[in-house]
Amino acid sequence: QLDISGFNMPFNPIKKYTTLYTKNIIWDSEAEIEEKLNSEIVITGDWTFSAGSEVEISACNVTFTGTNNSVINSNSSASKFGFVSIKKTNNAVTSIGSASEQLTIKGSILIDPDNTFTCAYDINMVLLFDLTCNGSLNLHNGTVSFMRGGGTQTIQLADNDHVFNNITINCGGTLKTNNNLNIFGNLEIESGVFDPQDNTIFIKGDWINNAGPESFINGSGKVVFNG
């Protein structure tokens, strides 16, 4: 069962036992969600965390699907995603749009082939689990902060064009990547260990390691400053 109350939904949903289908969702300051394990929200349009909302999703997976573009608007840092999947068709784009507050994804984020995930605003996107992209990442704005509390957090990228603006590593374990990283801004290591696993890091901005030399495993890979 998935029970949601206190939000604005411009289009009527179709409710099934564990899945809610909708076009757009706007979570207002009175919004609440009571979720069950393996529940899911499937959305074809835009998702908005309004200012003052405190919707913290944990067990429910949010899947962006359909043939049209979707925008995620984050205007409350107290509202957070659990698990996110981007599974659109027709080369549709999912983007972080009008965002004034930090966007947190507590679970993993999975981007399917032929999908593009972009960020149009200078905000901080916090990831507490893994990032897997089999499509394209065009994060020309903002910062992606990898902040898992312990263990191994991974960046899994297909052999496509991927762009990060800034990356911050502030985790309690190790961040690993399976492929080269292309960073247009800065890379900052605040805590934890960064292990590129012999891949190459291309960076146009600054390399800032506040955690110390033991927090970076170079291996046989390279760091290329190409700004």
Side-chain angles (χ1 to χ4, degrees), residues 61-65 69-70 72 81-96 103-148 151-171 173-190 192-209 215-227:
N61 186 75
V62 176
T63 301
F64 291 87
T65 187
N69 296 341
S70 286
I72 300 170
F81 283 103
F83 296 86
V84 175
S85 299
I86 300 176
K87 298 177 174 290
K88 288 187 170 290
T89 56
N90 200 34
N91 295 308
V93 175
T94 304
S95 63
I96 300 175
L103 175 65
T104 298
I105 301 175
K106 300 191 300 180
S108 59
I109 176 170
L110 171 64
I111 303 161
D112 271 9
D114 299 320
N115 279 255
T116 300
F117 184 48
T118 70
C119 180
Y121 282 77
D122 186 21
I123 71 161
N124 186 30
M125 180 169 64
V126 173
L127 301 182
L128 300 183
F129 209 69
D130 299 333
L131 166 63
T132 302
C133 183
N134 296 309
S136 296
L137 281 175
N138 292 325
L139 304 177
H140 288 275
N141 295 281
T143 299
V144 180
S145 297
F146 294 91
M147 298 180 63
R148 184 171 180 177
T152 300
Q153 188 172 12
T154 62
I155 304 173
Q156 300 283 334
L157 302 176
D159 291 326
N160 297 326
D161 292 331
H162 304 289
V163 172
F164 292 88
N165 186 37
N166 301 314
I167 289 179
T168 296
I169 301 166
N170 193 6
C171 61
T174 301
L175 176 68
K176 295 183 178 182
T177 179
N178 75 319
N179 213 327
N180 299 338
L181 295 181
N182 193 15
I183 303 171
F184 276 30
N186 305 325
L187 185 142
E188 184 171 354
I189 305 173
E190 289 293 334
V193 175
F194 179 36
D195 181 5
Q197 299 191 107
D198 302 326
N199 291 294
T200 299
I201 311 300
F202 298 93
I203 181 168
K204 295 184 182 296
D206 297 331
W207 178 284
I208 305 166
N209 185 353
S215 290
F216 175 62
I217 301 175
N218 186 36
S220 61
K222 296 183 293 183
V223 177
V224 178
F225 292 91
N226 61 348

To the nearest 0.5 Å, what is the distance between [atom1] on [X] and [atom2] on [Y]?
{"X": "His162", "Y": "Ile155", "atom1": "NE2", "atom2": "CD1", "result": "11.0 Å"}
{"X": "Asn138", "Y": "Cys119", "atom1": "CG", "atom2": "SG", "result": "11.0 Å"}
{"X": "Ile86", "Y": "Ser95", "atom1": "CD1", "atom2": "OG", "result": "9.5 Å"}
{"X": "Cys171", "Y": "Leu127", "atom1": "SG", "atom2": "CG", "result": "12.0 Å"}
{"X": "Lys176", "Y": "Asp130", "atom1": "NZ", "atom2": "CG", "result": "11.5 Å"}
{"X": "Asn141", "Y": "Leu139", "atom1": "CG", "atom2": "CG", "result": "9.0 Å"}

- Query: Should we count NZ of Lys204 as having more than 12 external heavy atoms under 6.0 Å?
  - Reply: yes
Are [X] and [Y] linked by a side-chain donor-acceptor pair shorter than 3.5 Å?
{"X": "Asp195", "Y": "Thr174", "value": "no"}
{"X": "Ser136", "Y": "Asp161", "value": "no"}
{"X": "Asn166", "Y": "Thr168", "value": "no"}
{"X": "Thr94", "Y": "Lys88", "value": "no"}

- Message: Is there a side chain to side chain contact (heavy atoms under 4.5 Å, CB included) between Asn134 and Leu110? Walk through the geometry before answering.
- Response: CA-CA 8 Å; Asn134 296 309; Leu110 171 64; 4.0 Å; yes
Tell me, do [X] and [Y] make a side-chain contact under 4.5 Å, heavy atoms counted?
{"X": "Asp159", "Y": "Asn179", "result": "yes"}
{"X": "Ile96", "Y": "Phe117", "result": "yes"}
{"X": "Thr154", "Y": "Asn178", "result": "no"}

- Message: Pair Ile72, Phe64 - check side chain to side chain contact (heavy atoms under 4.5 Å, CB included), show working.
- Response: CA-CA 10 Å; Ile72 300 170; Phe64 291 87; 3.7 Å; yes
- Where do Asn124 and Ser145 land on the side-chain hydrogen bond (donor to acceptor under 3.5 Å, both in side chains) test, with the steps shown first? CA-CA 7 Å; Asn124 186 30; Ser145 297; 2.7 Å; yes
Main chain of [Y], side chain of [X]: is a donor-acceptor contact present, judged purely on distance under 3.5 Å?
{"X": "Asn170", "Y": "Met147", "result": "no"}
{"X": "Asp198", "Y": "Gly219", "result": "no"}
{"X": "Gln197", "Y": "Thr177", "result": "yes"}

Where do [X] and [Y] come nearest, in terms of heavy atoms and distance?
{"X": "Ser215", "Y": "Gly192", "result": "OG-O, 3.0 Å"}
{"X": "Ile109", "Y": "Leu131", "result": "CG2-CD1, 3.5 Å"}
{"X": "Asn180", "Y": "Thr200", "result": "OD1-N, 2.9 Å"}
{"X": "Val84", "Y": "Asn61", "result": "N-OD1, 3.9 Å"}
{"X": "Gly142", "Y": "Asp122", "result": "CA-OD1, 3.4 Å"}

- Run the side chain to side chain contact (heavy atoms under 4.5 Å, CB included) check on Phe129 and Lys106 step by step: do they pass? CA-CA 6 Å; Phe129 209 69; Lys106 300 191 300 180; over 6 Å; no
- Output, in order, the C-alpha distance, side-chain angles, deciding distance and verdict of side chain to side chain contact (heavy atoms under 4.5 Å, CB included) for Phe194 and Ile201. CA-CA 11 Å; Phe194 179 36; Ile201 311 300; 3.9 Å; yes
- Message: Checking side chain to side chain contact (heavy atoms under 4.5 Å, CB included) between Phe216 and each of Val223, Val193, Leu187, which is the one that passes?
- Response: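 Single side chain to side chain contact (heavy atoms under 4.5 Å, CB included) partner of Phe216 among Val223, Val193, Leu187: Val223.
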- Task: May I ask you to decide if the ring planes of Trp207 and Phe225 are parallel, tilted or perpendicular, using 30° and 60° as cut-offs?
- Result: perpendicular
